[in-house]
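A short write-up of the structure that comes next.
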Amino acid sequence: MTLNRRSILKAGAAAAALPLLGSRAFAQGEPLKVGFIYVGTINDNGYNYAHNQGRLYLEEKLGDAVETTYVENVPEGPDCERVLRELAQQGNKLIFATSFGFGDSVIKVAQQFPDVKFEHATGYMKADNVGLYNARFYEGRAVCGTIAGHLSKTGKAGYIGSFPIPEVVMGINSFVLAARKVNPDFTIRPVYISTWNDPAKEADTARAMIDQGIDVIAQHTDGPAALQVAQERGIVGGFGQGADMSEFAPETQLTSIIDHWGPHYAASAQAVIDGTWTAGDTWEGLKEDVVQIGPYGPKVTDEVKAAAEAVRTGQIDGSFHIFTGPIKDNTGVERVPAGQTMTDAELLSMDWYVEGVEQPA
Amino acid sequence: MDLVLAIFVTLVGAATPILIAALGELVVEKSGVLNLGVEGMMLVGAIAGFAGQFYTGNPYFALLCGAFAGLAVSQIFAFLTLSLSANQTATGLALTIFGTGLSALAGAPFSARPVSLMGPLFPAELASHPLLRVVFGYAAPVYFSVIMVFAIWYFLQRTRAGLILRAVGENDHSAHSIGYPVNAVRYAAVAFGGAMAGVAGACFPLLLTPQWAERMTAGRGWIAVALVVFASWRPFRLLAGAYFFGLVMTMELYAKAGSGPLSSIPSELWAALPYLATIVVLVLISIRRDAFTNAPACLGKPFLPTS
């Protein structure tokens, strides 16, 4: 079932007019209704696209046992609260709010609908019926950084970031730590463009970086624009983000980080059906298959591929953690002593850059 | 030196779609119509241009597709505001919302489909030297935009048709009373503005980044509208203004990405420059009223013939 915001608002108004008919009961045998709200559109080739792929995976895995609805393009603000409330009124018993900024609204609506389960992606506020889930994208970035360290000729990479939030900072640091294990002189300069999706600006940022001497690009914005510029200018390469973007730069995409939320969505829905759901707080990665590494591009030699795979499998079997000390920050102060690994709480509040990252202007 | 040239090439790319859309809006406003739907018309032009390029691979045909699509939606606006005398501000805003939704709907099948960028107009040998690249290194829309600056200036200032268009924008009742078809002139102006906005939108997938993404114009239609006021309805000031905005948008990125002397200038300063420039223009307007207030007298008012 496909809904846009307008039609769901209409449907919601109709439901509000008939409060007595609101479906309160959830009888056995009926499909579990699952709602999703996305901050952007499912055609962004990146973050929201990946969440929607997860929804489709859930439908495929659980079949008739579930019925899903999604609402795309929901701004983080009052609209979100309304959409959540209407999804709950329509009988959705499990609702996934997939953007960080939905958090306040989720907590508010969850109090009004104690029998509905909510899960909030990348958030931090829990409640009895609000669980949290996130993915360890930094594990994928360590694989990308390893490839960059091997292949970059100038030893300089550019990193297009959206906003300097811990999630993005963590990704930059993971990438650089991995690259410097290969090439100790490797440096990176992050550029924040204050948006998740402005393809023309992403492309111009990539041009500005390449004109000033970088030959590898990584990004934490939603689309493939930077990769297209990398292909156009013929630099060493770049990385797909959120999804495999090799269509846009077949020669130049070295590999990609793929968000694979499907297994988590299927497990959560199954738990609700079985009556075993509890408000969890999961942060899964390569091991749980929530983060995947896409196909390697033609420029990645067998030797580099082996090094990348070693980092990937090391993180899966737990023998390797990119945030293990000694780690110095970019002012030379040691932040993590040798042999010690940063805790999840420390990672999730990361606001400093490791050695090799030039302080963003 | 090479870096300066590279920055120039990038800024021309960034400025061109804004310039083309703003030129169209300038003609529309000169006829006394305020069309705030530029952003929506650009988005419709962007998806039409993308589709044209996707199916034929011919960028000139793609630009035509963009122009036609922009023209087509502009006529909805023209019918509502000129024939039905709907409020121009509200209808223009509605056109932007409509264009955003329509382009998203039409673009849904094109996600994850790349096209190829439009190549330079002149053969590569002409642009082999970096200095020559600054002159000969661009695709056709860049030259089109500069030629249109001259053409529109000439049309408005030196031709009879341009005089009629200005007369309609300055005093519609007088123009009507001496026999000029006010609404026909305005329909034509809105159509021209729509076609220009459509071409400007098509520049996004053809010049800047060869893909379709929803809302890929990201507010640049509004910059085009603002630029017309900023340039006080004068084509050459529009050219200067568009390149100034292009320079500022580009310099912010180069300053952030650079590690040399460029990065010593804080990127915040570049980000603040358009606002500082706007203040300067406002101050100049208040000092020399005659030189800067050039707004068509009938801008935004519906024309209701009394006889």
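The sequence lines fix the lettering, A, B, ..., with proteins before strands; numbering per chain opens at 1.
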Considering residues, nucleotides and ligands other than B:Arg133, do more than 12 of their heavy atoms fall under 6.0 Å from its CZ? no
With side chains defined as the heavy atoms from C-beta onward, is the minimum distance between A:Gln212 and A:Arg189 less than 4.5 Å? no
Could you tell me whether the side chains of A:Thr68 and A:Glu59 share a donor-acceptor contact shorter than 3.5 Å? yes
To the closest 0.5 Å, what do you measure between CD1 (A:Ile217) and CD1 (A:Ile188)? 10.0 Å
Based on non-hydrogen pairs under 4.5 Å, which of B:Glu252, B:Arg215, B:Arg220 is most in contact with chain A? B:Arg220
Testing the 3.5 Å rule here: is there a donor-acceptor pair between the side chains of A:Tyr38 and A:Asn52? yes
Is it the backbone or the side chain of A:Glu232 that comes under 4.5 Å from a heavy atom of chain B, or both, or neither? side chain
Taking atom types as modelled, find out whether A:Ser99 and A:Glu76 have a side-chain donor-acceptor pair closer than 3.5 angstrom. yes
Checking heavy-atom separations under 4.5 Å from chain B, one finds in residues 203-211 of chain A A:Ala203, A:Asp204, A:Thr205, A:Arg207, A:Ala208, A:Met209, A:Asp211
Where B:Thr96 and B:Gly37 come nearest, the two heavy atoms and their spacing: OG1-CA, 3.3 Å
Tell me whether the count of non-hydrogen atoms from other residues, nucleotides or ligands lying under 6.0 Å of CD in A:Gln359 goes above 12. yes
Any residues in residues 234-248 of chain A near chain B, with a heavy-atom distance under 4.5 Å, and which are they? A:Glu247, A:Phe248
Which atoms of A:Tyr49 approach chain B - backbone, side chain, both or neither, heavy atom under 4.5 Å: neither
Given side chains that start at C-beta, do those of A:Val169 and A:Tyr353 come closer than 4.5 Å, heavy atoms only? yes
How are the rings of B:Phe244 and B:Phe230 set to each other: parallel, tilted or perpendicular (split at 30° and 60°)? parallel
Of all the heavy-atom pairs spanning B:Ala15 and B:Ala242, show the shortest one and how long it is. CB-O, 3.4 Å
Flag yes if more than 12 heavy atoms outside A:Lys328 fall under 6.0 Å of its NZ atom; otherwise flag no. no
Do you know which of B:Gly219, B:Ser116, B:Ala108 has the most heavy-atom pairs under 4.5 Å to chain A? B:Ala108
With rounding to the nearest 0.5 Å, note down the distance linking CD in A:Glu167 to CE in A:Met170. 5.0 Å
Which atoms of B:Pro210 approach chain A - backbone, side chain, both or neither, heavy atom under 4.5 Å: both
May I ask you to check whether B:Thr10 and B:Tyr254 show a side-chain donor-acceptor distance below 3.5 Å? yes
With only heavy atoms counted, which part of A:Pro199 is less than 4.5 Å from chain B, the side chain, the backbone, both or neither? both
Residues that A:His51 engages under ring-ring contact (aromatic ring centres under 6.0 Å, His included), provided they are two or more places apart: A:Tyr47, A:Trp261
Strictly less than 4.5 Å between heavy atoms, which residues of residues 196-208 of chain B line up against chain A? Please order them by number. B:Phe204, B:Leu207, B:Leu208
Taking the six-membered ring where the residue is Trp, are the ring centres of A:Phe163 and A:Phe100 under 6.0 Å apart? no
